[in-house]
Amino acid sequence: MKASENKAKLSFTNGSPDVELPIYHGTMGPDVIDIRKLYGQTGMFTYDPGFLSTASCESAITYIDGDKGELLYRGYPIEQLAQKCDYLDTCFLLLYGELPDAQQRDKFHKLVNSHTMVNEQMQFFLRGFRRDAHPMAVLTGLVGGMSAFYHESTDIHNPRHRDVAAIQLIAKMPTLVAMAYKYGVGEPYVYPNNALSYSGNFLRMMFGTPCEEYKVNPVLEKALDRIFILHADHEQNASTSTVRLCGSSGTNPFAAIAAGVACLWGPSHGGANEACLNMLEEIQAMGGIAKVGEFMEKVKDKNSGVKLMGFGHRVYKNYDPRAKLMQETCNEVLQELGLEKDPLFALAKALEKIALEDDYFVQRKLYPNVDFYSGIVQRAIGIPVKLFTGLFALARTVGWIAQLNEMIGDPEYKIGRPRQLFVGPARRNIP
Ligand code: ACO
């Protein structure tokens with residue numbers, strides 16, 4: 001963080017003295033005004049619900065230019081990472097700051113691959129859930145429960161513990177997601193096969209059974225790997241900020257990541273791909289493409305409470321770069337599976353076309369986000385809709401850990417403690 005020569009001056013109409021505030025430059029993106037001393041100097045807080053104008057930390061991991069529609073992990077454009085790297089290379093990059101060389105790559109892949117099994121006792125923990133529980137409810141519990149199983153990696157202030165927890169979480173998330181799925185459908189868990197790739201192994205744990213050999217389809221394996229890369233990090237979004245805030249109290253990494261899983265579940269965040277597919281199915285049931293116009297009228301009517309799921313983004317006010325890549329993958333997967341004429345995909349295309357041309361969406365800069373296509377790809381692969389957010393959580397785990405570790409290593413790190421504007425009753429007495 002570099003201090004600028006430029007300073008901000010805050011003046012008041014009631015004659016209180018001006019306050020000079022330092023300004024800092026980052027490498028890219030908006031400068032920030034440092035208001036840390038504001039309360040001490042003025043007795044006032046700033047007010048910013050939803051953090052619309054507040055940088056909560058300094059970070060060197062992910063950069064988004066929402067107007068350009070650009071996403072960089074450690075400086076590398078998402079398009080290049082999606083084309084030239086795999087998910088584990090991306091994990092290495094997010095965690096350690098650089099892409100691995102051949103030796104580091106081999107070592108990291110082996111390290112992750114050799115930690116895929118979970119403590120056998122976790123199966124009994126899982127059995128405590130109802131079979132019809134939402135997989136995100138199960139996953140929140142399982143990830144939080146990891147701190148009860150892996151005691152050697154629960155001290156967030158110990159760098160070695162943080163490193164071990166990172167590998168354990170990245171390696172075991174696919175196993176936990178697949179276990180949550182198999183439990184729900186009443187099939188036996190399939191143990192990981194460490195000879196397979198990260199996404200190939202996940203496909204086998206999801207769709208394999210102990211009674212026959214499972215052959216990984218390379219097109220689906222690549223598609224899944226791309227979904228994981230595209231969802232690996234996204235700077236200070238709601239779940240990442242949740243992980244940071246939770247971890248800022250010094251709690252263990254598993255508990256902090258479980259908080260992230262819980263936050264991601266919401267339909268305005270990671271739950272959007274599930275909500276998007278439910279929306280497409282609803283329109284399909286209403287009569288399909290013929291009803292798109294009618295549905296769009298509801299979306300534009302403020303009183304209806306209906307939103308076009310998979311559209312709009314707090315940061316991107318241009319096409320989400322991940323959505324473009326996902327659209328490409330979507331075409332490859334549908335072609336591979338002979339589903340090009342899939343009615344939901346045709347419906348999604350019709351919605352996209354109308355929305356991109358309609359004044360309501362154009363004026364508000366509402367473009368498709370990554371969830372718009374990722375739901376269709378996952379559905380084509382055979383992932384049940386309820387598990388979509390679970391896959392997102394699996395992929396985002398590395399981003400959460402990288403951000404958590406960055407925060408703990410930051411000398412300016414403090415427990416997160418927002419303030420408030422109190423509007424409740426003033427002090428009163430019980431008669
Ligand atoms: N459909 C219809 N109208 C929308 C949509 C949408 N999907 N998104 C935003 N708008 C409208 C709002 O009603 C508002 O209109 P107004 O100015 O007339 O009041 C305007 O566009 C601005 O929207 P905000 O809600 O202020 O934008 P914000 O940045 O707060 O919200 C959000 C972003 C939550 C993602 C929103 O666009 C949304 O709910 N989208 C649908 C859910 C979704 O796809 N979420 C996934 C996000 S990406 C992710 O988590 C991976």
Side-chain angles (χ1 to χ4, degrees), residues 48-54 62 64-67 69-71 73 78 136 226-243 260-280 282-283 292-327 329 348 351-378 385 388-400 403:
D48 187 20
F51 303 110
L52 295 176
S53 292
T54 297
T62 293
I64 304 171
D65 185 326
D67 293 323
E70 183 175 67
L71 169 61
Y73 291 166
I78 192 69
M136 285 303 278
R226 180 169 278 190
I227 291 182
F228 294 161
I229 293 175
L230 300 186
H231 288 87
D233 195 44
H234 214 228
E235 55 119 310
Q236 311 311 320
N237 55 79
S239 58
T240 302
S241 301
T242 300
V243 169
V261 177
C263 176
L264 190 74
W265 189 0
S268 296
H269 192 10
N273 51 16
E274 177 176 342
C276 178
L277 215 90
N278 289 338
M279 173 193 78
L280 291 175
E282 218 174 279
I283 305 173
V292 165
E294 196 182 303
F295 180 77
M296 284 304 213
E297 286 315 308
K298 266 201 233 158
V299 167
K300 291 191 269 178
D301 174 8
K302 287 267 166 240
N303 300 322
S304 73
V306 178
K307 275 197 171 174
L308 184 57
M309 300 314 285
F311 263 71
H313 198 277
R314 170 60 60 82
V315 181
Y316 292 118
K317 301 302 171 195
N318 199 330
Y319 216 96
D320 178 344
R322 302 167 303 168
K324 278 192 196 144
L325 291 159
M326 214 57 245
Q327 189 187 29
T329 300
L351 280 173
E352 184 198 23
K353 189 166 182 305
I354 295 179
L356 288 177
E357 289 166 359
D358 192 295
D359 255 9
Y360 175 94
F361 292 89
V362 175
Q363 274 170 14
R364 289 169 178 78
K365 298 187 176 167
L366 299 170
Y367 294 89
N369 58 50
V370 64
D371 292 320
F372 192 66
Y373 293 106
S374 71
I376 298 168
V377 175
Q378 291 184 61
V385 175
F388 287 1
T389 319
L391 262 79
F392 189 165
L394 182 175
R396 182 56 59 84
T397 295
V398 65
W400 289 329
Q403 300 269 353

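Whatever order the structure lists them in is the order used to number ligands and atoms, beginning at 1.
Under the 6.0 Å cut-off for aromatic ring centres, Y316 and H234 qualify, their centroids lying closer than that.
Judged by distance alone, the side chain of D371 and the main-chain N or O of G310 form no donor-acceptor pair under 3.5 Å. No donor-acceptor distance shorter than 3.5 angstrom exists from the side chain of Y373 to the backbone of P368, with no hydrogens or angles considered. Of the possible polar contacts, none joining the D65 side chain to the E70 backbone as a donor-acceptor pair under 3.5 Å is found.
Within 4.0 Å of ligand 1, the residues that place a heavy atom are S268, H269, A272, V299, K302, K307, L308, M309, G310, F311, G312, H313, R314, K317, Y360, R364, L366, N369, D371, F392, listed by chain and number.
Note: L308 CG to K300 NZ = 11.0 Å, rounded to the nearest 0.5 Å. The CD atom of E235 sits 8.5 Å away from the OG atom of S241 when rounded to the nearest 0.5 Å.
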